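See structure below.
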Number of protein chains: 2
Amino acid sequence: MFDLIKDKFPHLKDKWDDFVSYYHRVEVPAKTVLFKEGEISQKAWLIEKGCLRAWFNNNGKDVTFQFFFENEAVSGAESFRKKIPGFFTVETIEPSILHWIHKKDLDKIMSDMDQIPEMKNNMLDIAFERQYHYMKHFLSFIKDTPEQRYLNLLKEKPHIVQRVPQQYIATYLGITPVSLSRIRNRLAR
Amino acid sequence: MFDLIKDKFPHLKDKWDDFVSYYHRVEVPAKTVLFKEGEISQKAWLIEKGCLRAWFNNNGKDVTFQFFFENEAVSGAESFRKKIPGFFTVETIEPSILHWIHKKDLDKIMSDMDQIPEMKNNMLDIAFERQYHYMKHFLSFIKDTPEQRYLNLLKEKPHIVQRVPQQYIATYLGITPVSLSRIRNRLAR
DNA sequence: GTGATTTCTTAACAAAAGATAATTTGCTAT
DNA sequence: ATAGCAAATTATCTTTTGTTAAGAAATCAC
């Protein structure tokens with residue numbers, strides 16, 4: 001599970017082994033809530049196997065805004081810099097194998113890493129990656145119709161369409177499940 | 001103009017003065033193009049006075065996706081990490097006073113700054129800031145109607161509504177100018 | 001396997017948005 | 001001041017989405 005990252009910085013092996021020892025492996029069924037909207041989460045998660053969604057309540061309806069898959073990390077405050085307490089809920093979509101770590105252990109490790117310049121560069125890369133991701137996502141909303149957006153998703157992230165229930169995809173695209181069903185029907189012929 | 005940033009890092013004054021000396025001040029009328037979609041821009045810009053928009057061509061119609069005001073910086077590749085060559089055009093909306101710098105000079109300065117840890121932290125902060133900004137913007141598309149989005153803009157960024165022509169605001173909100181006019185009409189009574 | 005629950009589809013209607021064009025308003029330059 | 005141009009509004013029509021509800025299909029629990 002953690003080998004990917006270890007391979008990236010082989011000379012930091014000791015620090016890394018230390019890091020890994022803080023993690024706990026768990027297997028959970030589908031629809032398990034990892035942390036709830038409104039609560040300040042004490043854990044951060046890594047996904048070994050399975051798939052999650054982040055969603056929030058918008059006037060009584062739940063709106064999914066992000067999906068997570070294997071080898072991705074999830075924490076309550078989307079970026080560890082900006083400490084916005086969780087305005088969203090994260091739960092499993094499929095039965096999953098996860099690794100969690102106490103927030104305070106992670107914080108300690110993070111401040112250690114802050115001393116390592118190459119780690120900082122790595123964090124910068126991740127930050128820019130996310131910025132780019134959100135920007136592209138937002139651009140698709142101002143330039144494409146919902147139908148185009150669905151076609152783009154099919155093309156660029158087919159695993160989402162394959163593994164995620166339609167109702168979650170619908171709100172992710174900014175439309176209702178009924179409307180997504182109609183779009184699919186329209187496209188089918 | 002540059003004092004804000006100088007105040008932030010007083011002990012880097014020399015480096016900063018050096019930095020500033022590379023800049024050139026210009027006054028330009030409204031609708032001046034700073035760099036064009038498709039071209040690789042050789043300049044980066046700082047705004048002393050005025051207001052700009054970034055837009056791209058989407059099937060023959062121009063779509064505005066970002067506004068810039070006093071004390072903000074603009075370059076062809078939205079993030080200096082990810083070197084995506086300009087897929088967009090930047091032009092002035094109002095007559096403006098700008099400061100530009102050659103890309104290669106900026107690159108040199110940037111790699112110098114890369115050595116200074118606190119500058120790196122500053123860049124991390126900016127990156128997270130932008131990530132957060134784009135995320136919030138994208139969230140407003142999946143949770144709000146165009147009308148709500150316009151009301152939010154009025155409330156949270158009234159300066160945009162005050163200084164920017166309506167047609168640009170419309171595409172920024174993901175709707176047509178005609179539709180925005182109708183929304184305003186609807187809200188007026 | 002079978003019943004129960006959830007998810008997806010379809011239908012009918014209302015509300016909103018896109019497209020196009022005509023009209024009005026506002027701004028700029030001379 | 002006024003002619004000319006660009007921006008905003010209004011009107012008409014078409015298309016799409018939202019909403020609600022009902023029915024079909026798929027999934028889950030036992």
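Quick note on labels: first sequence line is chain A, next is B, and so on, each numbered from 1. Everything quoted here is computed from the prediction, not taken from an experiment.
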Measure the distance from OH on A:Y168 to C1' on C:dC8 and round it to the nearest whole Å. 13 Å
How many whole angstroms separate atom NZ of B:K143 from atom P of D:dT17? 21 Å
Is it the case that one hydrophobic cluster holds both A:F67 and A:L173, taking links as side-chain heavy atoms less than 4.5 Å apart, direct or via other members? yes
In whole angstrom, what separates B:E147's CD from D:dT17's P? 19 Å
Mind calculating the distance between CZ (A:R184) and C1' (D:dT16) to the nearest angstrom? 18 Å
Ring-plane angle category for B:F138 and A:F65, please: parallel below 30°, perpendicular beyond 60°, tilted otherwise. tilted
When you group the ILVMFWY residues by side-chain heavy-atom contacts below 4.5 Å and let the links chain together, are B:L153 and B:L139 in the same group? no
Aromatic contact between B:Y172 and B:H137, with the criterion being ring centroids under 6.0 Å apart: yes or no? yes
Can you see if the side chain of B:Q167 gets near the phosphate of D:dA6 - specifically, an N or O under 4.0 Å from OP1 or OP2? no
Flag, side chain of B:T92 to backbone of B:P29, donor-acceptor distance under 3.5 Å: yes
Closest approach to the side chain of A:S181, judged atom by atom: which nucleotide of D:dT17, C:dA17, C:dT9 is it? C:dT9
If two hydrophobic side chains count as joined below 4.5 Å and joins carry through other members, does A:L52 share a cluster with B:M135? yes
With a cut-off of less than 4.0 Å, is there a side-chain N or O of B:K31 near OP1 or OP2 of D:dA7? yes
B:F141, A:F56: one ILVMFWY side-chain cluster at the under-4.5 Å cut-off? yes
The side chain of B:R186 is closest to which nucleotide in this list: C:dA16, D:dA6, C:dT6? C:dA16
Mind calculating the distance between CG (B:N185) and C1' (C:dA16) to the nearest angstrom? 14 Å
Here the distance between atom P of D:dT17 and atom CG of B:D144, to the nearest Å, is 18 Å
Whole-Å gap separating C1' (C:dA16) and CG (B:L187): 13 Å
To the nearest Å, how far apart are B:Q166 CD and D:dT9 C1'? 9 Å
At 4.0 Å (heavy atoms only), tell me whether A:P146 reaches a base, stays on the sugar-phosphate, or touches nothing. sugar-phosphate
Protein heavy-atom contacts under 4.0 Å, written 5' to 3' over nucleotides 18-30 of chain C as B (base), S (sugar-phosphate only) or - (none), form the string BBB----------
